Protein chains: 4
Amino acid sequence: MSRQSGMYIEDLSEGQAASFTKTITDADIVLFSGVSGDTNPVHLDADFAAGTMFKERIAHGMLTASLISTVLGTKLPGPGAIYLSQTLTFKAPVKIGDTVTATCTVDTIKAEKRRALIKCICTVKDEIVIAGEAVVLVPSRKS
Amino acid sequence: MSRQSGMYIEDLSEGQAASFTKTITDADIVLFSGVSGDTNPVHLDADFAAGTMFKERIAHGMLTASLISTVLGTKLPGPGAIYLSQTLTFKAPVKIGDTVTATCTVDTIKAEKRRALIKCICTVKDEIVIAGEAVVLVPSRKS
Amino acid sequence: MSRQSGMYIEDLSEGQAASFTKTITDADIVLFSGVSGDTNPVHLDADFAAGTMFKERIAHGMLTASLISTVLGTKLPGPGAIYLSQTLTFKAPVKIGDTVTATCTVDTIKAEKRRALIKCICTVKDEIVIAGEAVVLVPSRKS
Amino acid sequence: MSRQSGMYIEDLSEGQAASFTKTITDADIVLFSGVSGDTNPVHLDADFAAGTMFKERIAHGMLTASLISTVLGTKLPGPGAIYLSQTLTFKAPVKIGDTVTATCTVDTIKAEKRRALIKCICTVKDEIVIAGEAVVLVPSRKS
C-alpha cells in the first residue's frame, strides 16, 4: 500500500532547492518545552534571559532546526526519503517573533547508493542562524 | 542580574555524563508536527507508514534528537551554556510508546576556549537510535 | 464595561453543586509539562513509572486539580468570583485515559463578607482522587 | 527497575530550598485553558478583564501554582516523592509577561513517617502572589 508521494533519486538534481518558512512564537516554545522536556531558563525565564548575552528569551536551537526536517520530509525529497544524518552549526539566536526560513539545496547525488547530500540553512531576514548538511536515502524508480 | 545556574567549564571532567528519559507518545508527534510544520506522512498517516519499511508511524528524528538538547540545556552543562553545534546520525526509528534515553558524556574539554565536546546518544532499551556529538561554550569562573 | 456573567453571592445556597468532567489524555500531560515546566519522570517516562508504586505514568496532580478551578471559574460561582484559597489532598493517582469529574458544592456562605466556602472533589468512577476546599470572594448585587 | 533519582528523606534538612522560574505568557494561558477546560473570561477575554479589578487578563491561579509542583517533582525532593497535599492562598494576580519564581523550603521533617512539610511561595519580583504548604512522602534509604 506504499504510496510514494515524494521525489525519487532520479528526480533530484544538484542545485535544486526548497524552503519552508515559519514565525517562531511563544506558543512554539511552550509546546517544544513540553515535547522535549527542555526547560532551560534561557527559553522560559525572561529575567534569566535578560542576564545572558542574548538579552531576551530565545527559541530552542532544535526547534529552529526542526524546520530543516520539514523541508526534507515534506518537499525535497519529501515523503519516502529516509533521514540518515544531519549536522547543525548554531550561528545566531532566534528570538520570539522571528520568521525563520529553512532552505535545503541538493549538493551531491550518489545515485547508485540512492543518497543525496543536502546543504541546509535557516535564515532570519538575511542572517544565517543555522547551517548544516543532511544526508538522505531516497527511493529509486529502479527498485 | 545573570544567575548562572548550570555548570562552569571548571566543573566538567572527561567521562562525566547525564541523561534524560521520556516516553515518546502520539501527543508528542502531533505537537511536534504543529511546532515544526513537519507533516511528513510517515509520522502522521498510519496507512502510508504501513507501506514503508517502518511498517508503522514513527517519531520525527528531530523530536528524538531534542532530548539531547534537554540534557545539555538543563543538566550537563545546564543553563548558561551556549549550543554551538550538533551532529546527528539517525540509526533506527523510534516508534510511538518507545521510551528514549538521551545520554551525554563529556569527551574533550578545551578550558582555554571554554568549549566542551560532548558525545550524545539516544537509546531505546539497549539500541542506539541516534548518535552524535555536540560542542558547547561553557561559562568560566575566571571570566 | 464589566459584564458580570457569573453568580452573585445572593444566588448561592448551601448544598448547591456544579461539576466539570474531562478525560485526561497523554496530550494533556505533554502540554501541562510545557506550561508548568514539570518534567517529573513519573509523568513522562514509562520505564521510570513502571518502577514506582503507580506502575504506569500518571497525570500531574495539579493538572487534575485544575478541573476544580474550571468549575469555580466557569460555573459555580463562575466569572467575576475571585479565587482566594484552595486546599488539596491527593488521594489516588489519575492514569492516562481516566475520566475525571470535579464537583464543587457550596458549604458555607458568609454573605456580609461576600465569601463562600466550597467543598471540592475530583473523582474517577466512584473513587475520590482529590479532595479539598476553596474559598471564593463573590460579587454582591448590593455593591 | 525503579531508578530513584530524587532525594531521600535522609537527604532533606530544615531550611533547604529550591526554586523554579518561568515567565507566564499568553501561550501558557491558552494551553492551560485547553488542558483544564477553564475558560473563565478573566483569563481569555480582554474586554471582560478590563472591567474587573484586575484591569487586564490574568493567569489562572492554578497555572501559577503548578510551578510549585515543578519544584517538588523535579528538584526538592524530586522524582520519587509522592505529593500528599497542598494548600494555596492566592494573594495577588499574575499578569501576562510576569516572571514567576516558585520557591519551596523544607519546614519540618518527620523521618519515621517519611514525610516533609514544605513551605511554598510564588513571587513576582518581590511580591508574594501565592503562599502555601505542601506535604510530600519521600523515599527512605532504609526501606
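These numbers were taken from a predicted model, which means no experiment stands behind them. Proteins come first, then strands; the chains are lettered A, B, ... in the order of their sequence lines, and each starts at number 1.
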Whether over 12 other heavy atoms sit under 6.0 Å from K91(D) NZ: no
Heavy-atom neighbours of K95(C) NZ exceed 12 at 6.0 Å: yes
Most chain D-contacting option - heavy-atom pairs closer than 4.5 Å, from T64(C), T74(C), L72(C): T74(C)
When I68(C), V71(C), L84(C) are compared by non-hydrogen pairs under 4.5 Å with chain D, the top option: L84(C)
Part of A65(D) within contact of chain C (heavy atom distance under 4.5 Å): both
Distance-minimising heavy-atom pair for P79(D) and F48(C): CB-CZ, 3.9 Å
Part of residues 21-33 of chain C lying next to chain D, heavy-atom separation under 4.5 Å: K22(C), D28(C), L31(C), F32(C)
Intermediate values then yes/no, side-chain contact (heavy atoms from CB on, under 4.5 Å), M53(C) and I82(D): CA-CA 10 Å; M53(C) 60 179 285; I82(D) 292 170; 3.1 Å; yes
H60(D) side, atom NE2; T70(C) side, atom OG1 - distance, nearest 0.5 Å: 7.0 Å
Close side-chain approach of L88(D) and M62(C), heavy atoms under 4.5 Å: yes
Pair D38(D), S69(C): side-chain N/O donor-acceptor within cut-off below 3.5 Å: yes
Residue F20(D) versus chain C: region with a heavy atom under 4.5 Å: side chain
Worked verdict on V35(C) versus L63(D) for side-chain contact (heavy atoms from CB on, under 4.5 Å): CA-CA 8 Å; V35(C) 163; L63(D) 190 168; 3.8 Å; yes
